[in-house]
Participant: 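One structure coming up, written as C-alpha cells, with questions to follow.
Here, residue 1 is the first one in the sequence, and each next residue gets the next number.
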Amino acid sequence: LASAGSQGVARSSATFGSSHGLVLPPPRNMRPPMAAKRTSSAASRGAAKKKARQDPVLAMCSAVASMIRESGDYPTDVLKMLSGIVRDSLARPAEERHPFQSQVAGMIEAVLQSVMRHRSARVTALERKVGEADIEKASREALATSIAEDVSSRTEALEVASRTLSEAMAAATDAARVLKVAKDEQKKEGETSERAVQQKARLEDMMIGDFAKLKEGAHVAAKAPLKAFLKLGQDLGLDAPLFAAAEATLAKPASERGTFDGLVLKELDDLLASSLEEFSKVVASSEEVRARRVAEVEAAVAASSAAMEAEAARRGDAEAARRSLKDAEAASKVAARSLKEYGKDMKELAVELASAQAAQQEASGAVATFAKLLERTAVAPPVEEAQADPPAEGS
C-alpha cells in the first residue's frame, strides 16, 4: 500500500468501506513513501509478467483486478485502489488473511457482482431486443410475401384487362367494317333507286310525248324527236334490232307505212309498256330496299358506337390495371428493401449480442475465479489411499 501512497489509500478505503457498511482501518506502519530506486522499468515489468505466467494464483489475481477496473458504479480512484490490492488480499490463503484483507475481499466481491449484474442486464436487454426483432422480421417477411402475391394477382388482372381490350378493339373494328358495308349498300341502293325513278320518268314522258306523235307521223319532218327516241332506247338498253327497224318506220309518214311497219309499231308499244312496268316494279322494290338499308345502317351505327364505348371502357380498365400493378411493384420494392435493411440490422444486433454474451462470460469467469481465490486454503487436500485388490479365489 505504501507504493500507492498511504494517505490516498486510507482515504479511498474509508470512503468505499463506509459506502458498503465496512469499516476499513488505516494501514499499519504508515510511512511516507520512499523514493523509488531507478531500475530498468522494462526489465521489472517483464519479470512481473513472467512471474504471473508461472504462478497461477497471481494470474487469477490479475484477471480479478482487470475485471474490477471494468466497473462503472464506483469512482475511478476507488477501483484503481481495489485493483491494486487484489494480490495482497487474495493471493494469501484464507487462513492467513488479516481481517482487513477479508473486508477488502468483501469490497472486491461487491464490485465484481456489480459488473456481473450490469453485463447480465445488457445481455437480457439485447436478447429481448433480438426476440422483438425476430417478430418484426417475421412481420416484414409476411408483408413482403403479401405484396408479392398482390403483384402476381395484379399482373394477372392486367393480362385479363389487356386481353379484354384486344377483344373490344377487334369488335370495334368489325363493327366499323359492318357499318361501312351498310353505308356502301345504302348508297348503292339509293343510286339504283334514283336511276330507276329517272328512267321510268323519261320513258313515261317519251310514251305520252314524242313517241305518240312519231306514231301519228306528226314529227316526220323534224329529226330531233326521232333521235331522242332512239337515244332513249339505247340508254335504257332496250331491244336494239327493234329500235333499228323502228327508225325506218317512224321516219315515214303514216300514209306510207305498210304491214311490216304496223308490226314494228305494235312491238314497240308492247316493249315500252313492259319496260315501263319493270321500271315501276324496280322503283317500288327499291323503296323497300332503301328502308331496309336505312335500318341496317342505323343498327350498324348503334353497334359501332357501343363497340367504341366498350373499347374505351376496356382501355380505361387496362390503364387502371397497369397503374395498379405499377403501384404494387413499387410497394414490393420498398418492402424488399426494408427487409434487406432489417436483415443488416439483425446481423449487427447479433454481433452486439455475441459481444455482450462474451463479456458476460468473462465477468462470470472473473466471479468464479474470485470465489476460488476466496476459498483457497494452504492445507493440502487429503490424498485418497489406493484400495487393495481383493485376494484371488482359492488363495
Side-chain angles (χ1 to χ4, degrees), residues 132-200 279-349:
E132 295 172 352
D134 289 337
I135 296 174
E136 176 64 19
K137 181 183 179 182
S139 176
R140 296 194 184 193
E141 288 176 342
L143 177 61
T145 301
S146 175
I147 292 177
E149 293 174 353
D150 189 38
V151 169
S152 178
S153 175
R154 296 190 187 191
T155 300
E156 294 178 0
L158 177 58
E159 292 175 354
V160 172
S162 299
R163 186 166 56 252
T164 304
L165 173 59
S166 298
E167 294 172 354
M169 291 173 64
T173 301
D174 291 340
R177 184 172 57 255
V178 171
L179 176 60
K180 183 179 183 303
V181 171
K183 287 184 175 181
D184 291 343
E185 291 294 330
Q186 182 186 38
K187 181 180 179 182
K188 181 181 178 181
E189 189 63 37
E191 293 173 351
T192 302
S193 177
E194 184 65 25
R195 185 166 56 254
V197 170
Q198 292 175 359
Q199 290 173 342
K200 178 176 176 290
F279 284 133
S280 298
K281 290 180 180 179
V282 171
V283 170
S285 176
S286 66
E287 292 298 327
E288 296 178 0
V289 174
R290 287 180 67 182
R292 187 168 65 251
R293 296 304 184 197
V294 169
E296 290 175 354
V297 169
E298 290 177 351
V301 168
S304 179
S305 298
M308 292 175 65
E309 291 177 359
E311 178 186 354
R314 301 294 81 76
R315 193 179 299 279
D317 293 343
E319 183 60 30
R322 190 174 292 106
R323 289 196 301 269
S324 177
L325 176 59
K326 185 177 180 181
D327 293 342
E329 289 175 339
S332 179
K333 290 180 180 178
V334 171
R337 183 166 58 251
S338 174
L339 184 60
K340 182 178 180 181
E341 292 175 353
Y342 202 73
K344 294 180 180 178
D345 295 340
M346 288 282 290
K347 290 181 180 179
E348 294 176 358
L349 185 59

Participant: Just by distance, do the side chain of S305 and the backbone of V301 share a donor-acceptor pair under 3.5 Å?
Facilitator: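 Confirmed, S305 side chain pairs with V301 backbone.
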Participant: Considering residues at least two apart in sequence or located in another chain, which fulfil the side-chain contact (heavy atoms from CB on, under 4.5 Å) criterion with A171?
Facilitator: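 With neighbours one apart ignored, the set is empty.
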Participant: I need the minimum non-hydrogen distance between V151 and A328, along with the two atoms involved.
Facilitator: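 Distance-wise, the nearest heavy atoms are CG2-O, 3.5 Å.
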Participant: If I compare all heavy atoms of L165 with all of A318, which pair ends up nearest, and what's the gap?
Facilitator: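 Looking at all heavy atoms of both residues, the closest pair is CD2-CB, 4.1 Å.
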Participant: What is the minimum heavy-atom distance between R322 and L158, and which atoms define it?
Facilitator: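 Nearest heavy atoms, R322 then L158: N-CD1, 3.7 Å.
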Participant: Among V181, V297, V289, which residue meets the side-chain contact (heavy atoms from CB on, under 4.5 Å) test with Q186?
Facilitator: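 Running side-chain contact (heavy atoms from CB on, under 4.5 Å) over V181, V297, V289 with Q186 returns exactly one hit, V297.
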Participant: For E159, enumerate each residue passing the side-chain contact (heavy atoms from CB on, under 4.5 Å) test, keeping only those at least two apart in sequence or located in another chain.
Facilitator: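 Expected list: T155.
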Participant: Output a table of donor-acceptor pairs, distance under 3.5 Å, between side-chain atoms of residues 308-316 and any protein atom two or more places apart or on a different chain; print 'none' if there are none.
Facilitator:
residue, atom, partner, partner atom, Å
E311, OE2, R315, NH2, 2.8
R314, NE, D317, OD2, 3.0
R314, NH2, D317, OD2, 3.1

Participant: Sequence neighbours left out, what passes side-chain contact (heavy atoms from CB on, under 4.5 Å) with E156? Give chain and number order.
Facilitator: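 E156: side-chain contact (heavy atoms from CB on, under 4.5 Å) contacts with S152.
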Participant: What closest approach, in Å, do A161 and A321 show between heavy atoms, and which atom pair accounts for it?
Facilitator: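 Result for this residue pair: CB-CB, 4.2 Å.
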Participant: Is any NZ, NE, NH1 or NH2 atom of the basic residue among D184 and K188 found under 4.0 Å from an Asp or Glu carboxylate oxygen of the other?
Facilitator: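 Salt bridge: no.
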Participant: Which residue pairs pass the salt bridge (charged side-chain N to carboxylate O under 4.0 Å, His left out) test when at least one of the two sits in residues 291-308, sequence neighbours left out?
Facilitator: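 Pairs touching residues 291-308 that pass the test: E185-R293, R293-E296.
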Participant: Which atoms form the tightest heavy-atom contact between A300 and A182, and what is the distance?
Facilitator: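 The answer is CB-CB, 4.3 Å.
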Participant: Roughly how far apart are S139 OG and K137 NZ, rounded to 0.5 Å?
Facilitator: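 Those atoms lie 13.0 Å apart.
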Participant: K326: what forms a salt bridge (Lys or Arg N to Asp or Glu O under 4.0 Å) with it, not counting sequence neighbours?
Facilitator: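 Partners of K326 by the salt bridge (Lys or Arg N to Asp or Glu O under 4.0 Å) criterion come out as none, since no residue qualifies.
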Participant: Would you list the pairs meeting salt bridge (charged side-chain N to carboxylate O under 4.0 Å, His left out) in which at least one residue belongs to residues 328-347, sequence neighbours left out?
Facilitator: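 Sorted result for residues 328-347: empty, none.
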Participant: Nearest 0.5 Å, what's the OG-CD distance between S338 and E136?
Facilitator: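 Between S338 OG and E136 CD, I get 7.5 Å after rounding to 0.5 Å.
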Participant: Could you check R323 against D327 for salt bridge (Lys or Arg N to Asp or Glu O under 4.0 Å), going step by step and ending with a plain yes or no?
Facilitator: CA-CA 6 Å; R323 289 196 301 269; D327 293 342; over 6 Å; no
Participant: The criterion is salt bridge (Lys or Arg N to Asp or Glu O under 4.0 Å); which residues satisfy it with R154, sequence neighbours excluded?
Facilitator: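 With neighbours one apart ignored, the set is D150.
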Participant: Looking at residues at least two apart in the chain, or sitting in another chain, which of them share a salt bridge (Lys or Arg N to Asp or Glu O under 4.0 Å) with R195?
Facilitator: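 For R195, no residue satisfies salt bridge (Lys or Arg N to Asp or Glu O under 4.0 Å) once neighbours in sequence are set aside.
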Participant: Please find the pair of heavy atoms, one from K200 and one from V283, that lie closest to each other, and give the distance.
Facilitator: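 Shortest heavy-atom separation between K200 and V283 comes out as CD-CG2, 4.1 Å.
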Participant: Quick one: which residue pairs count as a side chain to side chain donor-acceptor pair (under 3.5 Å) with a foot in residues 164-176, not counting sequence neighbours?
Facilitator: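 Found D174-R177.
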Participant: Can you list everything that forms a salt bridge (Lys or Arg N to Asp or Glu O under 4.0 Å) with D134? Sequence neighbours excluded, please.
Facilitator: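 Result, salt bridge (Lys or Arg N to Asp or Glu O under 4.0 Å) vs D134: none returned.
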Participant: Applying side-chain contact (heavy atoms from CB on, under 4.5 Å), name anything that partners A331, two or more places apart in sequence or on another chain.
Facilitator: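 A331 satisfies side-chain contact (heavy atoms from CB on, under 4.5 Å) with I147 only.
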Participant: For E141, does its backbone N or O pair with a side-chain atom of T145 as donor and acceptor, under 3.5 Å?
Facilitator: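 Yes, the answer is positive, given that a donor and an acceptor are paired below the 3.5 Å cut-off.
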